[in-house]
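We name chains A, B, ... by the order of the sequence lines, and we start the count at 1 in each one.
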Protein chains: 2
Amino acid sequence: MVVRRADVARLAGTSPAVVSYVLNGGPRTVAPATRARVLAAVESLGYRPNGVARSLRMNKTMTLGLVVPDTANPYFAELARAIEEAAFAHGYTLLIGNGAEDDERQTAYVRTFLQRQIDGLFLVPAHGTPSCLPDLERARTPWITLDRQVAGTTDIPAVLVDNRGGARTATEHLLEHGRRRIACIAGPEDVYPATDRVAGWRDAIADAGLPAAETSVLNVPFGRHPGYVAARRVLSERIVDAIFTASDEQALGALRAVTELGLRCPDDVAITSFDGIAAAAYATPALTTMSQPFGELGRVAVSRLLTRITDPEGDTGISVLPVQLTARGSCGCPDPPGGDSNDDPAGAATSEEAERADT
Amino acid sequence: MVVRRADVARLAGTSPAVVSYVLNGGPRTVAPATRARVLAAVESLGYRPNGVARSLRMNKTMTLGLVVPDTANPYFAELARAIEEAAFAHGYTLLIGNGAEDDERQTAYVRTFLQRQIDGLFLVPAHGTPSCLPDLERARTPWITLDRQVAGTTDIPAVLVDNRGGARTATEHLLEHGRRRIACIAGPEDVYPATDRVAGWRDAIADAGLPAAETSVLNVPFGRHPGYVAARRVLSERIVDAIFTASDEQALGALRAVTELGLRCPDDVAITSFDGIAAAAYATPALTTMSQPFGELGRVAVSRLLTRITDPEGDTGISVLPVQLTARGSCGCPDPPGGDSNDDPAGAATSEEAERADT
DNA sequence: TTGTATGCGTTATCAC
DNA sequence: GTGATAACGCATACAA
């Protein structure tokens with residue numbers, strides 16, 4: 001509109017094609033003198049290539065889509081930041097969508113993104129079977145699932161963490177502290193990581209030879225408020241001495257419930273949870289939680305998606321990353337001073353080639 | 001690539017142009033019979049228009065850019081969600097960038113976004129004078145500032161909240177509780193909302209006829225950890241009975257510091273803060289804070305930016321939205337049960353026409 | 001009412 | 001080493 005490539009060519013006394021060669025460093029070589037003239041013209045005119053035209057021609061947008069169930073949820077916010085970090089390092093930009101735990105809206109975003117010709121998609125599927133599956137199938141756009149699997153499928157590429165093992169570790173840690181009546185505040189019944197985390201809790205309970213108190217499993221949404229409500233219920237109805245929650249957010253809510261009921265954490269009720277969001281380190285007491293490797297998650301997810309972009313059939317497995325017990329005060333361990341987390345959820349860049357294909 | 005408009009036209013026994021007319025509902029009318037054939041062909045082939053080609057032709061992308069200093073920070077996460085919500089309602093999609101409080105990176109994002117021909121940009125400028133200003137100037141892409149103003153400027157369209165008035169209210173509330181030695185944990189010295197919030201604190205202190213204890217102002221970054229460190233320092237070095245913090249995140253850190261030092265909040269140290277993020281309602285005690293109208297912020301920002309897209313010269317002022325005191329336990333008010341916040345930071349949709357220009 | 005043709009700004013393939 | 005030219009897929013003005 002304002003200044004096109006042809007203008008640059010004219011000023012530099014050459015042809016538009018040559019301008020491209022200079023700016024893109026190829027595919028053909030250009031004489032140093034011409035090159036200098038082109039660069040000068042670009043500078044003086046303030047020419048900036050039109051990315052849309054380029055995308056149309058190149059058939060790639062250098063844009064990745066990310067659809068999560070709730071952008072404002074700290075866990076997804078940290079996950080998004082990690083993805084963004086890794087994508088940026090590879091020269092990709094992120095289109096972000098808030099599915100709002102609603103299939104219809106999630107599908108609306110996926111469709112819009114597909115239409116905008118994103119090169120690849122990260123999806124944290126809402127509960128149930130996403131109605132956008134057919135669209136994704138037809139579009140041939142590489143996509144990969146994050147944090148959750150699509151219900152009932154096992155052949156869709158995914159990057160997950162060891163939910164079952166982590167939940168088991170978290171529960172065992174409560175057992176080691178001598179707790180015996182451990183309730184489980186789980187996620188929604190039909191959401192993948194919830195079921196696996198419940199399974200891990202069950203594993204630990206069973207191994208300890210404890211009765212599987214089914215009534216001690218509360219299926220509520222992830223999030224502070226559901227955690228708060230569930231904790232109030234389980235604490236007033238049952239005699240428990242510990243709670244394992246499926247998310248830090250729920251744990252934060254539970255912590256609040258414990259205090260409101262005049263109980264003390266960890267003395268009366270110990271808590272361990274899952275995720276390792278930054279806020280967990282600043283609660284009082286600080287939360288003992290299974291920390292997810294956000295930085296690694298982002299790097300693996302981006303790296304795998306990019307692989308699938310160049311080779312749509314390749315890299316089709318499921319990555320399961322380990323989680324790590326971060327012992328703090330809520331389980332009964334000594335409570336370290338605030339801010340023991342490294343405060344850098346996205347992690348530092350790795351030695352991977354950081355290539356920015358876009359100029 | 002897979003299925004083009006021409007394919008649809010062929011199957012429907014008509015021309016590509018007609019396909020456009022049907023899909024876009026204009027600009028020309030088409031016979032019902034033809035229309036039906038086209039629709040059937042679209043359905044059976046699963047044709048989806050290429051948004052990139054459309055953008056090139058139409059010279060608009062239906063995409064808005066949002067660059068914030070830190071995506072993972074809960075305040076910006078809630079702000080982003082509000083923007084996303086409002087943009088979605090208008091059929092716009094959000095390209096999101098994490099400036100990481102770093103001018104260079106912020107500029108990199110702005111440039112990339114501009115190159116991708118976004119229709120408009122929301123910028124939460126990092127401290128100092130952004131080096132992307134010339135780019136924005138040349139690009140003629142409408143943009144608007146959120147939460148902060150560009151240092152030293154007053155003619156750039158912005159959507160802000162009443163930082164000074166809010167800070168004053170928060171501080172006065174502490175005074176009403178009988179506190180007299182009120183420290184101020186501020187943001188970085190050169191960031192707009194920080195200076196205004198300090199000014200508000202100063203207003204209240206001065207009006208109360210109290211000495212302006214300059215040493216009681218601590219300029220630290222927003223964020224939990226800085227708040228924690230600052231609180232530890234101010235609590236051990238000085239005798240204070242209250243703290244006003246410039247952000248909820250800092251307050252959360254401060255709360256942790258209070259507890260670690262064996263003090264009680266609000267008994268020994270009362271706290272009020274600023275922002276009204278969801279987490280504030282679940283701290284123990286829950287934070288008394290100046291709640292920002294996230295939903296309204298998003299709607300106003302989007303609405304104003306869209307206005308500027310249709311009329312680049314119009315709507316060039318600065319919006320200042322009011323903030324509201326949310327009294328909870330940390331100031332000494334009765335602590336309501338957890339989850340008193342409506343848990344819907346983005347707010348419900350208004351009666352504004354929700355138009356989705358994209359199909 | 002419908003088919004044809006041109007241009008959006010770029011990259012890449014041609015001859016030169 | 002360089003200049004013209006054909007796509008990319010769409011929207012629309014124009015001729016039929």
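- As a whole-Å value, the separation of B:Arg116 CZ from C:dT10 C1' is 15 Å.
- You'll find that the side chain of A:Tyr47 is closest to C:dT10, out of C:dT10, D:dT12, C:dG9.
- In this structure, the nucleotide among D:dC10, D:dA13, D:dC8 sitting nearest to the side chain of B:Tyr21 is D:dA13.
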For this session: Go through the steps for A:Thr63 and A:Arg116 under the test side chain to side chain donor-acceptor pair (under 3.5 Å), then give the verdict.
Result: CA-CA 9 Å; A:Thr63 300; A:Arg116 282 160 208 237; over 6 Å; no
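- Residue B:Thr14 is in sugar-phosphate contact alone, with no base atom involved, counting any heavy-atom pair closer than 4.0 Å across all strands shown.
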Problem set entry | Derivation and outcome, side-chain contact (heavy atoms from CB on, under 4.5 Å), residues A:Phe76 and A:Asp147 | CA-CA 9 Å; A:Phe76 294 122; A:Asp147 179 56; 4.0 Å; yes
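- The pair B:Arg299-B:Glu296 counts as a salt bridge, with a side-chain nitrogen and a carboxylate oxygen less than 4.0 angstrom apart.
- Rounded to whole Å, atom P of C:dT10 lies 12 Å from atom CG of A:Leu56.
- Rounded to an integer number of Å, the gap from A:Asn59 CG to D:dC10 P is 12 Å.
- Between B:Met62 atom CE and D:dA11 atom C1' there is a gap of 16 Å when expressed in whole angstrom units.
- Within the 4.0 Å cut-off from OP1 or OP2 of D:dG9, not a single side-chain nitrogen or oxygen of B:Arg57 is found.
- Listed nucleotides: D:dA11, C:dA12, D:dG9. Nearest to the side chain of A:Met58: C:dA12.
- Contact check on A:Lys60 versus A:Asp119 returns no salt bridge, with no Lys/Arg side-chain nitrogen under 4.0 Å from an Asp/Glu carboxylate oxygen.
- Distance CD (A:Gln117) to P (D:dC8): 14 Å, rounded to an integer number of Å.
- Here the nucleotide nearest the side chain of B:Asn50, chosen from D:dG9, C:dG7, C:dG3, is D:dG9.
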